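Since the structure comes first, as structure tokens, the remarks are kept for the end.
These values consider heavy atoms only, across backbone and side chains, with no hydrogens, waters or symmetry-generated copies. Keep in mind that what you see is a predicted model, and the values were worked out from it rather than measured.
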Amino acid sequence: MSVSLRLCPKTVHILRVEGGLRAPVSRVLRHHVRTLLLRGERRIALDLSAVSKIDAAGVGELVRTLNMTTAAHGGLRIVKTTARVRKVLERANLFDLLSGQVGREQRSA
């Protein structure tokens, strides 16, 4: 797995995750998110369009990353998921939470 950083005009930092997000999970993603949080960045998006496979360990890594960001009073969401990744996250009832859909539904109600 590899992770690359891209800055959006609205100060959302996009981390593009490539390869498999599965066991054994490397801590590369967590390291990059932690580095951004330590720099004071609070808005992070994970581009999962290049993630080829994901398993329970990968889902756990996404949840740990979300928890770490939330604890730092930040926001994290996923964008551009593949159909395979979306299906796995939907089965775990996490897709709406990680994609920011839950927050949008609550705001519009």
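Within the model, atoms CG of Leu62 and CG of Leu48 stand 6.0 Å from one another, a figure rounded to the nearest 0.5 Å. Leu37 contributes atom CG, which lies 5.5 Å from atom CZ of Arg42 (distance to the nearest 0.5 angstrom). Put simply, CZ on Arg43 and CG on Leu36 are 13.0 Å apart, with the number rounded to the nearest 0.5 Å. The CG atom of Leu21 lies 4.5 Å from the CD1 atom of Ile54; values are rounded to the nearest 0.5 Å. Separation of atoms CG (Leu97) and CZ (Arg77) is listed at 12.5 Å; rounding is to 0.5 Å. In this structure, the separation between NE2 on His13 and CD on Glu41 is 3.5 Å, given to the nearest 0.5 Å.
A single hydrophobic cluster is seen to contain both Val63 and Val51, as judged by linkage of ILVMFWY side chains at heavy-atom distances under 4.5 Å, directly or through other members. By the criterion of side-chain heavy atoms lying less than 4.5 angstrom apart, applied directly or through intervening Ile, Leu, Val, Met, Phe, Trp or Tyr residues, Val85 is grouped together with Leu94 in one hydrophobic cluster. A continuous path of Ile, Leu, Val, Met, Phe, Trp and Tyr side chains, each step under 4.5 Å between heavy atoms, connects Leu76 with Phe95, placing both in one hydrophobic cluster. Both Ile44 and Met68 are part of a single hydrophobic cluster, where members link through side-chain heavy atoms under 4.5 Å apart.
Scored by the salt bridge (Lys or Arg N to Asp or Glu O under 4.0 Å) test, Arg30 finds Glu61 as partners (sequence neighbours excluded). Remark: Thr70 engages Leu66 in a side chain to side chain contact (heavy atoms under 4.5 Å, CB included) (not counting sequence neighbours). In this view, Arg86 and Glu90 satisfy the salt bridge (Lys or Arg N to Asp or Glu O under 4.0 Å) rule, not counting sequence neighbours.
Residues Val12 and Ala45 approach most closely at CG1-CB, 4.0 Å, considering heavy atoms. For the pair Asp55 and Ala57, the tightest heavy-atom approach, listed with the atom from each and the gap, is OD1-N, 3.0 Å.
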Exercise. Take Leu46 and Val79 through the side-chain contact (heavy atoms from CB on, under 4.5 Å) test and state the conclusion after the steps.
Key: CA-CA 6 Å; Leu46 302 178; Val79 296; over 6 Å; no
Practice problem: Tell me, with the steps shown, if Arg16 and Glu18 meet salt bridge (Lys or Arg N to Asp or Glu O under 4.0 Å). | Solution: CA-CA 6 Å; Arg16 187 166 194 267; Glu18 297 180 18; 2.7 Å; yes
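In this structure, Leu15 and Asp47 have side chains that are not in contact, with every pair of non-hydrogen atoms separated by 4.5 Å or more.
Atom CZ of Arg64 sits in a crowded spot, with more than 12 heavy atoms from other residues, nucleotides or ligands closer than 6.0 Å.
Applying side chain to side chain contact (heavy atoms under 4.5 Å, CB included) to Leu98 and the options Ile78, Thr65, Val59 leaves one that passes, Ile78.
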